[in-house]
Amino acid sequence: MDVSYIFQNLNNAQREAVSSESQSLLVLAGAGSGKTRVIAHRVAWIVKALNISPQSLLTVTFTNKAAREMRGRIEEILEDQLGDFWCGTFHGISHRILRRHWEEAGLRKEFAILDSEDQLRVVKRVCKSLQIDDSKWPAKQIQWYINKEKDEGRRPEDAETGDYFSEQMTNIYSEYQALCNQESLVDFGELLLRTYELIDGNEKILNHYRARFKHILVDEFQDTNEVQYKFLLLLKGNENNISAVGDDDQSIYGWRGAKSDNINRFTKDLKNTQVVRLEQNYRSTQVILDAANSVIQNNSGRMGKDLWTEEKEGEKISVYSAYNEDDEARYVVGTIQDWIAQGNNLDEVAILYRSNAQSRALEEAILRESLPYRIYGGQRFYERAEIKNAMAYIRLVFGKEDDAAFERVINIPPRGIGAKTLDIIRNKAKGTKQSLWMASQELIDLEELPPRAMQSVQGFISDMYSLSLEVKEMDLKGLVDFIIERSGLIDYHKKEAGEKGRTRVENLSELVSAADDFMVPAQEEEISELKSFIDHAALDAGDAQAEEHESAIQLMTLHSAKGLEFPLVFITGFEEGLFPHRLSIEEPGQLEEERRLCYVGMTRAMKKLHIVHSEMRNLHGSENFNSVSRFLKEIPEELSLEVRTGGSIPRLKQKERSYIPGDVPNTEFKIGQRVFHDSFGEGVILNYEGQGPNARVEVNFDSSTTKWLMVEYANLKGI
DNA sequence: TCTATGGTGATTTTT
DNA sequence: TCACCATAGA
């Protein structure tokens, strides 16, 4: 069969990777080197050239979105539907396996998935029952600890103990797990760990999947954690094939348990691994690549890669030193306006920042100019409170034993069932080892509640009961529609004041459309449509924002920019303490991760990159004077231009700067004058640019720091 | 049980 | 600064 069309438009390295017959393949794919393309084409090649059914392939991606896109791309190449082809996240795949083998995995058939908010609630519940002081032991921290242990593959009995802290943490972890087991609740980490333990401890199941998945392909391999790595190698065994694609330089999720060292480990564990490097970049100009390369070179222990391009040099990187965050935002917006004036589009522009708090000043400046924009991040669809409430009602209809759902909605909308009553129900449930639902019924039957609570709980129980009956014959859409109405959620939010209530009602009706559009994945026929929908909501929280059709500027954190590309990119807040973040400066490992984040950010830019930092920044209400980020010093000076309000000049080393004495036009200052600044103290004006209120002066303070300050803001006093 | 007020503390995010 | 939580009064 002629498979040459699969190789069309691939370069040599890509071709080598796509058609490798090595049992283990490692593709080190630099930013913009066509990584996803290689995986998609490799799947096509395996199917067509090796004549292997898509059924025998397992493709793992990092996000659900990536999985959907991957599937689409492969189908495009093959010009055919893939049918029974497993392509998903580690969590999605683990979930599918657990649903099939729930019994062997020690779960109930209807086990529920906890998302992180649900998990936090369970942790809080456990802490309460253990009477743990939550000011000393914050639930968030405990949750973080538990997840970290699970990511590492450790059960409570494997956890390190010795000091009081880990002793206590392990104790809570152990209680938490007992509760989850009892109620058959599975958190995200548990999905992975339990699946690994399942195939590790059950030869029959392991052999089944080994026999099925002849080829395993993994994207974003640098983001795998311990359990995921062990899962992959176990599933591969000695016979099967594995292709891992990743970039150690783009590992930015170490803080979440990802081990980029898995890349190194892979070549050691699988001795005959073929390594292919993709270094030709199809995205950025040479200037941008050179700058990014020279920044990342400061990291140690890299696998080593140098990006290059056939594209032209390109424009130099612009560096702007703003006076404060408003000036920073103004520069960004002004530059964007110039950009569109030249006939470019707004959706070609991304503004990146290290932390979400920085988006505000930028947002305000954009709003002032009434430009359309979109902020990535924030709450996603299935994470919104009203949606989670509706889902909890739906879960209760599916199974009355779902305590998490029960607790969530028993008093939403308010039914007069507060903490006291709930405590009674909880104690009853604990004492008799049954669900909150059963316990409530028993309390009513035995009349063990105060009269008023009695009535409220009875009302809730019978409402839910009749709701379940009425809904029996309905399809998914009808059911969701009926439940959001009958639960009282719609009325409850309608009564809420202002915009807030209205969007909540809108979101609820959006949920009805989501249910209408929902299609049960082909491989999950054995599960009911309703259960499948519930799981989908937990495993894929949906997009952060509804798709906007208007062309808009994109604002996002450096983390969420990974995998994307834009002709014009701004990296803002390029300051010590912010980027690298102050909490990451001390530890070398963390600092290197910040540097990789910088590398990721820079390599998003296709044509033009602007780096912006600010002399002064309002953070948490107080003024901060940050020096410029160390990463800027790692960019060769000849690759960048220092932008001033009047134009651009080459970035100069401090000592090369000179000044000509004279007045700063239309201000009270002149060069050489001594001035006083509230924060920096006394200094001498060395240089200026612009005039009048927009003038900026360079002041050499006696503390030996030199700053560019805007006359309008700096409140300098002549002395 | 519901609502107002004050203390606290504050990266990055997907599943 | 601001958002979130916990606790105190209505």
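Excluded from the calculations below are hydrogen atoms, water molecules and symmetry mates; all remaining heavy atoms, backbone and side chain alike, are included. So you know, we letter chains A, B, ... as the sequences are listed, proteins then strands, and number each from 1.
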For [N] and [X] - does any side-chain N or O of the residue sit under 4.0 Å from the phosphate oxygens OP1/OP2?
X: N225(A); N: dT15(B); answer: no
X: R380(A); N: dT13(B); answer: no
X: S560(A); N: dT13(B); answer: yes
X: N64(A); N: dT14(B); answer: no
X: S116(A); N: dT15(B); answer: no

Between [X] ([atom1]) and [N] ([atom2]), how many Å, whole number?
X: Y253(A); N: dT12(B); atom1: OH; atom2: P; result: 11 Å
X: L583(A); N: dG9(B); atom1: CG; atom2: P; result: 14 Å
X: Q358(A); N: dA10(B); atom1: CD; atom2: P; result: 17 Å
X: L619(A); N: dT1(C); atom1: CG; atom2: P; result: 13 Å

For this session: Considering only NZ, NE, NH1 and NH2 on the basic side and carboxylate oxygens on the acidic side, decide whether E117(A) and R408(A) come within less than 4.0 Å.
Result: yes

For this session: Kindly indicate whether a cation-pi arrangement holds for R374(A) with Y376(A), taking the cut-offs as under 6.0 Å to the six-membered ring centre and within 45° of the axis.
Result: yes

Exercise. How do K420(A) and L191(A) order along DNA chain B: which one's closest nucleotide is nearer the 5' end?
Worked result: K420(A)

Taking only the side-chain heavy atoms of [X] (C-beta and beyond), determine which of [options] contains the nearest atom.
X: R256(A); options: dT14(B), dT1(B), dT11(B); result: dT14(B)
X: H581(A); options: dT13(B), dT11(B), dT1(B); result: dT11(B)
X: N356(A); options: dT12(B), dT1(B), dC2(B); result: dT12(B)
X: R360(A); options: dT11(B), dT15(B), dC2(C); result: dC2(C)

Seminar exercise, completed: From the list K562(A), R256(A), K259(A), salt bridge (Lys or Arg N to Asp or Glu O under 4.0 Å) with D223(A) holds only for K562(A)

